[in-house]
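Worksheet: one structure, shown below.
To find a chain, count down the sequence lines: A is the first, B the second, and so on, and within it residues start at 1. Keep in mind that what you see is a predicted model, and the values were worked out from it rather than measured.
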2 protein chains.
Amino acid sequence: MRWSEIDTIPCPVAQAMSAIGDTWSMLILRDALRGATKFDEFQRATGASRAIVADRLSHLVEHGVFERSQYENHPPRFEYRLTKRGRDLQPVLMMLSHWSETHLGKSPAGKPLRLSGRRHTTCDHNFTPVITCSHCGDPATPDTITYDVPRHLTAKKAT
Amino acid sequence: MRWSEIDTIPCPVAQAMSAIGDTWSMLILRDALRGATKFDEFQRATGASRAIVADRLSHLVEHGVFERSQYENHPPRFEYRLTKRGRDLQPVLMMLSHWSETHLGKSPAGKPLRLSGRRHTTCDHNFTPVITCSHCGDPATPDTITYDVPRHLTAKKAT
DNA sequence: AGGGTTAGTTCAGAAAGCAGACTTACACAG
DNA sequence: CTGTGTAAGTCTGCTTTCTGAACTAACCCT
């Protein structure tokens with residue numbers, strides 16, 4: 001299977017990866033969530049080559065994550081702004097970042113990651129993100145969640 | 001910058017991508033969280049080539065996401081089991097999946113994703129994941145969160 | 001003896017990624 | 001009016017990675 005075909009897999013994760021899962025997109029999204037909007041900002045912040053940034057940005061625009069709009073006419077200049085779809089990736093990035101801080105931050109490689117003190121303005125305290133159930137509000141941990149896994153994945157071997 | 005160098009970027013997201021962010025790892029993790037443990041299970045479920053699966057699995061073992069253990073001696077056979085570090089990626093995958101279901105599921109392309117009815121066994125209701133603050137328990141939405149962004153990203157231009 | 005299973009490795013050709021130069025069009029300095 | 005700078009890319013030639021298919025190896029069952 002080729003990477004360009006993964007959008008044919010009927011699975012939410014595969015679909016998501018097809019849209020935002022290529023190698024540099026997450027870093028572009030990270031920078032967008034921090035406020036970057038211009039081509040060169042993305043290029044500098046990610047360190048990816050210009051061709052890659054151009055390619056990924058247009059891919060993300062195609063998938064409705066960014067909106068490309070001209071903010072200057074005469075030398076045509078564009079900015080990339082996150083759509084709602086794009087802004088809604090913030091929780092994904094936050095959980096990823098939290099995982100990384102928890103598990104990779106104290107790596108023995110001697111590169112202490114700078115923890116980006118996450119603060120909840122509602123209560124004005126530093127916090128860690130906790131996933132809860134939209135129905136009862138209690139934490140939704142892996143062992144308290146079941147899935148109706150699509151049939152085609154269970155038919156052959158029910159683990 | 002080459003992709004193989006992104007682990008030098010002092011940012012949790014970049015570190016995470018270095019560990020699990022290449023193109024097929026997420027799909028491998030998805031399958032592992034569904035119970036897959038064997039090489040061929042990963043190969044079949046992801047559809048990636050055998051070389052890629054071998055490469056990614058050993059990469060993930062290196063990064064402490066999987067543990068490789070021999071479960072049969074005579075023809076040496078191995079299984080890959082998620083470590084705690086690996087299992088802790090479940091929330092990340094869940095948020096990603098949730099995003100995908102919300103934003104890509106009803107794509108006009110006519111491929112209705114099968115929603116994998118997420119159920120909270122504690123309250124026995126279907127639910128959607130909500131990120132809350134570990135301190136006060138209230139929802140932690142992007143607009144109620146502030147970050148102490150690392151200096152090297154703000155020094156040049158404070159947006 | 002022949003075929004199946006599992007966990008890979010190897011190979012050559014194809015695709016993708018890379019750095020850096022180039023382009024276009026304006027703005028400001030001297 | 002010539003030169004330098006900025007912004008948003010595109011282009012080029014080289015390097016790296018990915019792919020599909022075959023191959024290995026050691027056991028099992030028939």
### Query
Considering only C:dA19, D:dG9, C:dC26, which nucleotide approaches the side chain of A:Phe78 most closely?
D:dG9

### Message
Evaluate A:Glu101 against A:Ser97 for side-chain hydrogen bond (donor to acceptor under 3.5 Å, both in side chains), listing each step before the verdict.
### Response
CA-CA 6 Å; A:Glu101 288 159 12; A:Ser97 186; 3.2 Å; yes

### Message
At 4.0 Å (heavy atoms only), tell me whether A:Phe42 reaches a base, stays on the sugar-phosphate, or touches nothing.
### Response
nothing

#### Entry: Full working for side chain to side chain contact (heavy atoms under 4.5 Å, CB included) between A:Leu96 and B:Ile20
CA-CA 10 Å; A:Leu96 184 68; B:Ile20 62 164; 3.8 Å; yes

### Query
Reckon B:Trp24 has a side-chain N or O less than 4.0 Å from the OP1 or OP2 of D:dT19?
yes

### Task
Please state whether the phosphate of C:dG17, meaning OP1 or OP2, lies under 4.0 angstrom from any side-chain nitrogen or oxygen of A:Arg56.
yes

## Note on the structure
Quick note, B:Arg68 side chain, CB onward, closest among C:dA25, C:dA7, C:dA21 is C:dA7

### Query
Would you say B:Arg50 and B:Phe39 make side-chain contact, with heavy atoms under 4.5 Å?
yes

### Task
Check the distance between D:dT17's C1' and A:Asp22's CG and give it to me in whole angstrom.
15 Å

### Query
Of the candidate nucleotides C:dA7, D:dA7, C:dA21, which contains the atom at the shortest distance from the side chain of B:Lys38?
C:dA7

### Task
Taking only the side-chain heavy atoms of B:Arg77 (C-beta and beyond), determine which of D:dA26, C:dC18, D:dT19 contains the nearest atom.
D:dA26

### Task
Compare the minimum distances between each of D:dT10, C:dC26, D:dA7 and the side chain of A:Ala54, then state the nucleotide with the smallest one.
D:dT10

### Message
Heavy-atom nearest nucleotide on DNA chain D for B:Gly47 versus A:Tyr80: which residue maps closer to 5'?
### Response
A:Tyr80

### Task
Could you please name the option among C:dT6, D:dA8, C:dT9 that lies closest to any side-chain atom of B:Arg50?
C:dT9

### Task
Return the orientation label for the B:His120 and B:Phe127 ring planes: parallel under 30°, perpendicular over 60°, tilted otherwise.
tilted

### Query
Of all the nucleotides listed (C:dG8, C:dA19, D:dT19), which has the minimum atom distance to the side chain of B:Ser49?
D:dT19

## Note on the structure
Of A:Arg2 and B:Ala51, the one whose closest nucleotide on DNA chain C sits nearer the 5' end is B:Ala51

### Query
Can you check whether A:Tyr71 has a side-chain N or O nearer than 4.0 Å to OP1 or OP2 of D:dA8?
yes

### Query
Between A:Asp31 and A:Arg34, is the closest basic N to carboxylate O distance under 4.0 Å?
yes

